[in-house]
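Numbers for residues simply follow the sequence, beginning at 1.
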Amino acid sequence: MSLRKAYQEVRRRSEMICAPLKTEDYVVQPVVDVSPPKWHLGHTTWFFETFILLPNAKDYTEFDPQYNYVFNSYYESVGARVIRTNRGNLSRPAVEEVMRYRRYVDEAMESFLDRELSPELQALLVLGLNHEEQHQELLYTDIKYILGHNPLFPPYDVSRPDIRMPNNQGESWLNIRAGVYEIGFEGEGFCFDNELNRHKVYVNDYAICEQLVTNAEYLDFILAGGYSDFRYWHAEGWDWVKNNQVTTPMYWYNIDGKWMHYTWQGLQPLMPDAPVTHVSFYEAAAFAAWKGYRLPTEAEWEIAAPQLAWGQRWEWTESAYLPYPGFTKAPGAIGEYNGKFMVNQMVLRGASEVTPPGHSRITYRNFFHPPLRWQFTGIRLAR
């Protein structure tokens, strides 16, 4: 696929994700981890304007100098920015103005793509496309949080199906022999810098479950008193449970004795055969301990992944998010993309039902803080 066509498709998809929204939905920020959909649309546009057009298109005129302050996310080297918690206070620029910004930058990018690009510019453009695809996944998860915490539980799209597991339930295990294996990205195509460098790891004999944990299995944990027994929890996780009065995964409700959960179609009866989702690392680790198992390491997950069905849920691992051997940060703002977040976070592997097509791969390293669960996070067990 040409870079021009790839650019057009990625840009269209972001707006398609937002198409079911009302104008008011674009501005809401219920919690710090959720950004308003309007901000995502502006930020991804700002990326192309800031890193491609302004330094490289000599006739380009910045759409609005204030937008660098409004739509910069965390790039210290690019200047001051709106504090993340204040993104929901941005009633202006209005949604229609953000859409005009997108049209303006897209037209400039169309002209820019007529020229022959250096390998460095091509790589930067591909990074920008992958960056917007990451925000497309965030758009889905943030929209679900916005609508799922509205007291009316409005549906996002009643025609969008929810994932269900095959009927042949029950634990089956994939056994992996001890040995030295290689993990990390190699070969042609795009990867993020945190997937490099490919390197050797040693693992002991282990087994990894071929199925994800389902809602029904997780409900057993709840009914067995899993949220009230400290023995299964990390100390920090147990504090989190008590301080936040957590008793279920996000979006689960017990209404008049009937278990319900918020889905794309609105509030629906809990689907027992769906893979459990919107659980924190704390919850995933506690469930594994309750079952007498554990979570896989990210190396164990990657070694086994070619023989597993994955991609429905981001799967928590018990690996801390750290650099691979030989990891180096790129100079300038692009070097801020991953490396500076390598502390106090846990690695997730796989992909989810809202991961953009072709954006997931076995070596992809997602990462979040242990209490976060607004993403489509799930559980795969190991022993």
Side-chain angles (χ1 to χ4, degrees), residues 134 137 141 171 173-176 178-179 181-185 191-192 194-196 198-214 217-218 221 232-234 236-237 240 249 275-325 327 338-339 341-353 355 359-383:
Q134 284 186 314
E137 185 155 8
T141 53
E171 292 178 6
W173 295 84
L174 175 66
N175 294 300
I176 304 293
Y181 297 83
E182 290 192 352
I183 65 169
F185 185 87
C191 77
F192 287 109
N194 65 359
E195 300 172 58
L196 301 171
R198 191 163 180 85
H199 60 285
K200 291 180 173 62
V201 295
Y202 175 81
V203 296
N204 290 319
D205 289 337
Y206 71 97
I208 188 167
C209 195
E210 295 181 314
Q211 299 84 24
L212 295 176
V213 172
T214 64
E217 292 172 302
Y218 200 88
F221 170 67
Y232 306 123
W233 297 83
H234 292 96
E236 190 174 284
W240 174 79
V276 69
T277 190
H278 301 299
V279 290
S280 67
F281 169 79
Y282 299 140
E283 291 166 296
F287 177 87
W290 175 73
K291 291 285 287 186
Y293 303 130
R294 61 177 176 84
L295 302 178
T297 67
E298 66 167 322
E300 289 173 338
W301 189 97
E302 185 171 325
I303 292 164
Q307 302 177 70
L308 298 173
W310 56 272
Q312 296 180 326
R313 300 286 183 251
W314 285 108
E315 303 174 26
W316 286 107
T317 74
E318 62 177 25
S319 295
Y321 180 49
L322 296 170
Y324 280 168
F327 171 82
N338 281 311
F341 299 113
M342 291 176 173
V343 63
N344 298 332
Q345 309 213 53
M346 303 302 290
V347 174
L348 299 100
R349 289 306 197 98
S352 81
E353 63 182 88
T355 303
H359 191 60
S360 58
R361 54 192 166 273
I362 285 175
T363 59
Y364 196 112
R365 304 177 75 203
N366 206 346
F367 53 92
F368 287 110
H369 293 289
L372 296 182
R373 55 187 191 156
W374 95 113
Q375 275 288 337
F376 284 77
T377 50
I379 307 172
R380 188 185 298 274
L381 301 173
R383 64 185 185 192

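Residues N175 and D205 form no side-chain contact, since every pair of their non-hydrogen atoms from C-beta on lies 4.5 Å or further apart. Within the 4.5 Å cutoff, side-chain heavy atoms of I176 are placed close to those of Y181. A heavy-atom distance below 4.5 Å is not found between the side chains of T377 and S280.
Between W240 and Y282, the two ring planes are tilted [angle within 30° to 60°].
Nearest heavy atoms, P370 versus M346: CG-CG, 4.0 Å.
Note on E300 versus R383: no salt bridge recorded, every NZ/NE/NH1/NH2 to OD/OE distance being 4.0 Å or above. For E210 and R380, the salt-bridge test fails: no basic side-chain N is under 4.0 Å from an acidic carboxylate O.
Checked against the 6.0 Å centroid threshold, Y293 and W173 count as a close aromatic pair. Between Y218 and F221, the ring center distance clears the sub-6.0 Å criterion. Between F376 and W314, the ring center distance fails the sub-6.0 Å criterion. Outside the 6.0 Å centre-distance limit, the rings of F341 and Y321 are not counted as a close aromatic pair.
The ring-ring contact (aromatic ring centres under 6.0 Å, His included) test applied to H234 returns F281, not counting sequence neighbours. Taking F185 as the reference, nothing meets the ring-ring contact (aromatic ring centres under 6.0 Å, His included) condition, with sequence neighbours excluded.
For CD of E182, the number of neighbouring non-hydrogen atoms (other residues, nucleotides, ligands) closer than 6.0 Å is greater than 12.
Evaluated for a side chain to side chain donor-acceptor pair (under 3.5 Å) with S352, the options Q312, E315, E137 yield exactly one hit, E137.
Side chains of E283 and Y232: no donor on one and acceptor on the other come within 3.5 Å.
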